[in-house]
Amino acid sequence: MTAVPIGHALLVAGVLFSLGLTGLIVRRNLLFMLLSIEVMLNAAGLAFVVAGSAWGQPDGQVMFVFILTTAAAEVAVGLALLLLMNRRFDTLDTAAASSMRG
Amino acid sequence: MVTAFYIASAMAIVSTALAVSRTNAVHALLYLVLSLISVAVLFLLLGAPFVAALEIIVYAGAIMVLFVFVVMLLNLGRAGEQQERRWMPPRAWIGPALIGAALLAELAYVLPGLPALGQEGAMAVKPVAIAMYGPYLLGVEAAALLLLAGMVGAYHLGREPDKEARR
């Protein structure tokens with residue numbers, strides 16, 4: 001394991017985060033945008049665990065648990081909003097919800 | 001160990017790339033599950049077995065099941081797939097791909113100077129638990145409140161509209 005540089009492990013997290021960011025920008029469907037946000041959160045968690053492993057501290061894993069909690073709460077509210085939007089606008093296009101009433 | 005690390009990394013990256021580019025929601029979700037399991041393998045190789053188990057149970061299990069249920073409720077079907085394809089022409093990828101590549105290039109420029117990773121198995125479950133319920137106790141309480149807020153919020157938003165009108 002000593003042969004894997006921390007840079008490579010962090011680079012994997014960076015690649016995953018960039019992929020999630022690209023997906024988030026390119027998509028118009030709310031479901032896929034939430035999916036991309038999950039990818040980005042997971043990549044951030046991976047970076048935390050890698051850093052914690054590199055310095056032999058448990059803090060990185062604790063932070064990952066917090067990120068996991070945030071992701072779970074975020075996805076619960078996000079999916080409820082998605083169902084609400086599907087009920088109200090009959091589409092998942094984020095452009096349909098871009099204007100305010102009144 | 002080292003080969004396993006690079007194989008799991010490649011799997012995670014490829015399956016994530018497929019997950020963000022699929023037009024069928026179920027296919028994208030299944031690729032994302034594969035990606036999350038690859039990341040769990042990475043965690044195991046980094047000597048973090050507790051987090052690897054959490055990744056599979058909470059991320060690949062609970063959160064993805066939530067997504068799958070919502071996809072089933074939405075009932076997108078073939079029409080949704082075609083609409084998704086219409087919304088996503090190849091040239092729509094150019095700008096976001098450039099932004100993502102710029103971010104990645106910066107990271108690749110900054111990261112290589114760092115030292116190698118420590119020995120495996122450096123962290124068992126015990127020190128993580130001690131840290132979590134010692135110095136981070138306030139964070140754990142805040143996380144519990146956040147989950148409660150998320151549950152109440154999801155319940156409030158997910159109510160049936162006719163029930164809402166009656167009140």
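Worth saying up front: this structure is predicted, and the values here are computed from it rather than measured. Every chain is numbered from 1 and lettered A, B, ... according to where its sequence line falls, protein lines coming before strand lines. Worth knowing before you read on, the calculation uses all heavy atoms, side chains too, and leaves out hydrogens, waters and symmetry mates.
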With only heavy atoms counted, which part of [X] is less than 4.5 Å from chain B, the side chain, the backbone, both or neither?
X     : result
A/T91 : side chain
A/M63 : side chain
A/N29 : both
A/L21 : side chain
A/L34 : both
A/E38 : both

field: Criterion ring-ring contact (aromatic ring centres under 6.0 Å, His included) on A/H8 and B/F5, from CA distance to verdict
entry: CA-CA 10 Å; A/H8 289 186; B/F5 176 86; 8.0 Å; no

message: To check you understand the geometry: which heavy-atom pair defines the closest contact between B/L46 and A/S53, and what is its length?
response: O-OG, 3.0 Å

Can you tell me which portion of [X] sits under 4.5 Å from chain A's heavy atoms? Options are side chain, backbone, both or neither.
X     : value
B/I13 : both
B/L73 : side chain
B/L66 : both

Name the option with the most non-hydrogen atom pairs under 4.5 Å to chain B; the candidates are [options].
options                    : answer
A/L16, A/V15, A/V26        : A/V26
A/L24, A/L92, A/D93        : A/D93
A/L46, A/V65, A/T70, A/N42 : A/N42
A/V77, A/N86, A/L35        : A/L35
A/A13, A/A76, A/A43        : A/A76

Look at the side chain of [X] and the backbone N and O of [Y], then say whether any donor-acceptor pair between them is shorter than 3.5 Å.
X     : Y     : result
A/S18 : A/G14 : yes
A/R27 : B/V20 : yes
A/S98 : A/T94 : no
B/S15 : B/M11 : yes

statement: Interatomic distance, CG@A/L81 vs CD@A/E74, rounded to 0.5 Å, equals 10.0 Å

message: Parallel, tilted or perpendicular, judged at 30° and 60°: which one describes the rings of B/Y136 and A/F66?
response: perpendicular

message: Pairing donors with acceptors under 3.5 angstrom, does anything connect the side chains of B/T23 and B/R85?
response: yes

Most chain A-contacting option - heavy-atom pairs closer than 4.5 Å, from [options]:
options                       : answer
B/A97, B/A129, B/G139, B/A131 : B/G139
B/L98, B/L29, B/L148, B/V140  : B/V140
B/M151, B/E55, B/E106         : B/E55

Single-linkage hydrophobic cluster, 4.5 Å side-chain cutoff, A/V39 and A/L82 together: yes

message: Is there a continuous path of hydrophobic side-chain contacts, each under 4.5 Å between heavy atoms, that joins A/L41 to B/Y31?
response: no

